[in-house]
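Comments concern the structure below.
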There are 2 protein chains.
Amino acid sequence: MSSLTHPMQLILTLVKTQGQVLKPLESTLSIHGISFTEWLVMHRLSQSSDHTIKRVSLADGIGVTASGVTRLLLPMEKVGWIERVANARDARVSLVRLTPAGLEAYQQATKSIEYAAERVTNMMNQQQVEQCMGLLSSLHLSAIDAAQLS
Amino acid sequence: MSSLTHPMQLILTLVKTQGQVLKPLESTLSIHGISFTEWLVMHRLSQSSDHTIKRVSLADGIGVTASGVTRLLLPMEKVGWIERVANARDARVSLVRLTPAGLEAYQQATKSIEYAAERVTNMMNQQQVEQCMGLLSSLHLSAIDAAQLS
DNA sequence: GCATAATACTTGAGTAGTCAAGCTTTGCGC
DNA sequence: GCGCAAAGCTTGACTACTCAAGTATTATGC
């Protein structure tokens with residue numbers, strides 16, 4: 001009925017799915033006073049050595065622009081989840097560090113969001129989850145590949 | 001390394017993939033002066049009988065709010081892709097119709113975006129595309145299901 | 001048949017980003 | 001070691017929405 005090519009149908013499904021899936025996760029996180037993007041920031045930081053990372057690395061790690069990071073980190077710094085750290089070697093960069101309070105907030109929020117994620121995948125078994133992840137990863141790689149050609 | 005549950009890893013992959021995939025499609029559409037959301041609107045309309053649909057149906061069809069639809073349709077009406085149609089039975093609803101000019105623009109844009117979609121899935125074969133679509137659909141259904149429980 | 005609720009839509013205010021331009025600091029060619 | 005390009009970050013202006021409140025119309029209970 002759709003009269004679209006299969007790749008295009010896949011993208012439509014992808015967009016619609018993400019829209020539906022993200023809503024419950026965001027409302028779960030909002031209980032902790034955290035947005036999904038902020039959770040992504042804290043997740044990245046929690047995985048970095050010394051919980052510290054360059055702002056630009058953070059930007060393309062979570063898929064926003066440098067100015068997006070600036071605006072995103074401002075309120076997070078105010079509430080004390082992150083802090084700025086100067087770089088001795090290069091005065092241009094200002095590093096971001098997850099504070100102990102930020103780590104604590106991240107860990108609490110992660111419990112909630114993981115539980116929500118489990119509810120959202122309730123009709124899939126683990127094998128399907130992993131298979132889906134694998135296919136999405138190759139789509140991801142294809143997209144990067146396609147972008148480089150143009 | 002990630003130390004997240006599999007469902008949560010799936011969602012991270014989903015979000016990252018959509019981010020990467022949508023960029024080339026949007027830049028392709030921008031050549032036609034159309035945003036991705038506008039394309040979604042025209043796609044919905046092109047599939048409706050008489051190319052006409054209620055604004056609220058359009059809203060949840062493409063996953064935005066009613067006010068989002070109002071703001072989205074304004075410029076589209078100005079350039080003549082869509083037009084307002086009154087409903088005789090119910091004066092509350094104002095229907096939206098895709099004009100012939102809109103249909104023409106949609107068809108041109110669709111050729112481009114489908115081509116872009118094919119490039120973006122270049123590393124997947126058709127079977128993988130269909131399998132991925134199937135898995136995403138069941139994720140989609142799970143999410144709707146989970147949302148209704150809360 | 002009349003009050004009350006529900007539906008469809010619009011509008012004002014706010015949010016979460018983008019992009020382009022600017023500033024500061026570093027790296028590079030020669 | 002000097003000039004110019006590039007990198008890292010911030011800021012002003014804009015876009016694409018959302019949410020809450022408001023208006024108009026239709027449906028419902030009794």
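Each chain gets a letter, A, B and so on, in the order its sequence line appears, and its residues count up from 1. Atoms considered below: every heavy atom in the structure, side chains included; atoms not considered: hydrogens, waters and symmetry mates.
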Name the first nucleotide and the last nucleotide along DNA chain D (5' to 3') that come under 4.0 Å of a heavy atom in chain A.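 Endpoints of the contacted stretch of DNA chain D: D:dA6 to D:dA13.
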Going by side chain to side chain contact (heavy atoms under 4.5 Å, CB included), name the residues that satisfy it together with B:Arg44, two or more places apart in sequence or in a different chain.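 With neighbours one apart ignored, the set is A:Lys16, B:Leu58, B:Ile62.
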Note, [X] side chain near [Y] side chain (heavy atom, < 4.5 Å):
X: A:Trp81; Y: A:Ile34; result: yes
X: A:Met8; Y: B:Ile113; result: yes
X: B:Ser142; Y: A:Thr121; result: no
X: A:Val93; Y: A:Arg55; result: no
X: A:Pro7; Y: B:Val120; result: no
X: A:Leu12; Y: B:Leu40; result: yes

Looking only at atom types and distance, does a side-chain atom of B:Glu83 sit under 3.5 Å from a main-chain N or O of B:Arg97, one as donor and one as acceptor?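 A pair under 3.5 Å: no.
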For A:Ala88 and for A:Thr65, locate the closest nucleotide of DNA chain C by heavy-atom distance; then report the residue assigned to the nucleotide nearer the 5' terminus.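 Its nearest nucleotide being more 5', the pick is A:Thr65.
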Between C:dG17 atom C1' and B:Leu22 atom CG, what is the distance in whole Å?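 These atoms are roughly 15 Å apart.
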Whether each nucleotide of nucleotides 6-16 of chain C has a protein heavy atom under 4.0 Å at its base (B), only at its sugar-phosphate (S) or at neither (-) is summarised, 5' to 3', as BBSSBBBB---
